[in-house]
*Asks:* 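Next up is a structure, given as structure tokens.
Computed from heavy atoms alone, side chains included, the values below leave out hydrogens, waters and symmetry copies. Nothing fancy with the numbering, it's 1 onward along the sequence.
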Amino acid sequence: MALFLTKDLDDDAHSRLGIWQITETEAELRELTSVPSDELEEISYIKSESLRKQKLAVRALLDTLFEEKVYLSHHDNGKPYIENNATNISITHTDKYVAVLLSDIDEVGVDCESLDRDFTAVEKKALSQDEIEDLEDDADDRREQLAIYWCAKEAVYKLVSQHKVDFAEQIEVEEFRPRGEGELEVTFTNKDGYEEDFELNYMTFDRHVIVWALG
């Protein structure tokens, strides 16, 4: 098993974060998991081996986090839910890691990215002018900062579950300096102008960034 981390979050909603490091072969992941037949059929149609492994690793992580077998499905907008359990769930995956955020009460959003990806488009399309002006000059610091910005906005986007969200205009991350792990203050502006404030958490590990949101 490549369970990387389980973290009970300090709240009253019994929220948990789980991270799985994908070190297994696809065959090993299949042996580790008890995938429902319909879910296994969907996975078998995926052409990318990497994506199939990510899906199987999510199932392995769910088997670890839940005592009973859970059935994973998705709403029409792609948001995941558990058919036989009321726990709220958000899922994220990269080539090397998958993560799941759970909460009995709160809506949830989690996003993880590798620091090896190119974040140039994030700066151009997803950041406001104020956020761009807050970016570090050093290239490595700037990359980490952009990764955190993107993950934070993705996490909030998953949490609010609305269509056609403008990341630059509707999701504003307060100025911060990356320091390994910490908190982020984020404001989401609905299309009617109503603002919602969220306190997010982030962590960097093994050249990856993960950000999670509860609300």
*Asks:* Verify, without hydrogens or angle tests, whether Asp138 (side chain) and Asp141 (backbone) share a donor-acceptor contact under 3.5 angstrom.
*Replies:*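 Yes; at least one donor-acceptor contact below 3.5 Å.
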
*Asks:* Check for me, please, whether Phe167 and Trp212 land in the same ILVMFWY cluster - side-chain distances under 4.5 Å, paths through other members count.
*Replies:* no

*Asks:* Given Ile89, which partner from the list Val70, Leu72, Val58 fulfils the side chain to side chain contact (heavy atoms under 4.5 Å, CB included) test?
*Replies:*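 Filter result, single survivor: Leu72.
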
*Asks:* If you compare all heavy atoms of Asn77 against all heavy atoms of Lys79, which two are closest, and at what distance to 0.1 Å?
*Replies:* OD1-N, 3.0 Å

*Asks:* Against Val100, only a single residue in Leu17, Thr64, Leu65 fulfils side chain to side chain contact (heavy atoms under 4.5 Å, CB included); can you say which?
*Replies:* Leu65

*Asks:* Between Asp95 and Gln54, does any side-chain donor sit less than 3.5 Å from a side-chain acceptor?
*Replies:* yes

*Asks:* Glu41 side chain to Ser37 main-chain N or O, any donor-acceptor pair under 3.5 Å?
*Replies:*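 Checking the backbone N and O of Ser37 against the side chain of Glu41, no donor-acceptor pair under 3.5 Å is found.
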
*Asks:* Any donor and acceptor pair, going by atom type alone, linking the side chain of Gln145 with main-chain N or O of Glu136 inside 3.5 Å?
*Replies:* yes

*Asks:* Between Tyr81 and His75, is the ring-ring contact (aromatic ring centres under 6.0 Å, His included) condition met? List the steps.
*Replies:* CA-CA 7 Å; Tyr81 69 94; His75 295 289; 4.4 Å; yes

*Asks:* Looking at Lys153 and Ile171, would you say the former's side chain and the latter's main chain have a donor-acceptor pair under 3.5 Å?
*Replies:* yes

*Asks:* Work out which heavy atom in Glu39 is nearest to a heavy atom in Val35; give both atom names and the distance.
*Replies:* CB-CG1, 3.8 Å

*Asks:* Evaluate the side-chain hydrogen bond (donor to acceptor under 3.5 Å, both in side chains) criterion for residues Ser128 and Glu172: first the C-alpha distance (whole Å), next the side-chain angles of each, then the deciding distance (0.1 Å), finally the verdict.
*Replies:* CA-CA 7 Å; Ser128 67; Glu172 186 76 16; 3.2 Å; yes

*Asks:* Do Asn88 and Ser103 meet the criterion of a side-chain donor-acceptor pair at a distance under 3.5 Å?
*Replies:* no

*Asks:* Taking the basic N atoms (NZ, or NE/NH1/NH2) and the acidic carboxylate oxygens, is any pair closer than 4.0 Å for Arg142 and Glu123?
*Replies:* yes

*Asks:* Parallel, tilted or perpendicular: which fits the ring planes of Tyr97 and Phe4, with parallel below 30° and perpendicular above 60°?
*Replies:* perpendicular

*Asks:* Return yes if some donor-acceptor pair links the side-chain N/O of Arg52 with the main-chain N/O of Lys47 below 3.5 Å, else return no.
*Replies:* yes

*Asks:* Could you tell me if Asn190 and Glu196 have a donor-acceptor pair between their side chains, going purely by distance under 3.5 Å?
*Replies:*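 Looking only at side-chain atoms, Asn190 and Glu196 do form a donor-acceptor pair, the distance falling under 3.5 Å.
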
*Asks:* Please examine the side chains of Arg59 and Asp63, heavy atoms only from C-beta on, and report whether any two atoms are closer than 4.5 Å.
*Replies:*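 SC-SC contact between Asp63 and Arg59 confirmed.
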
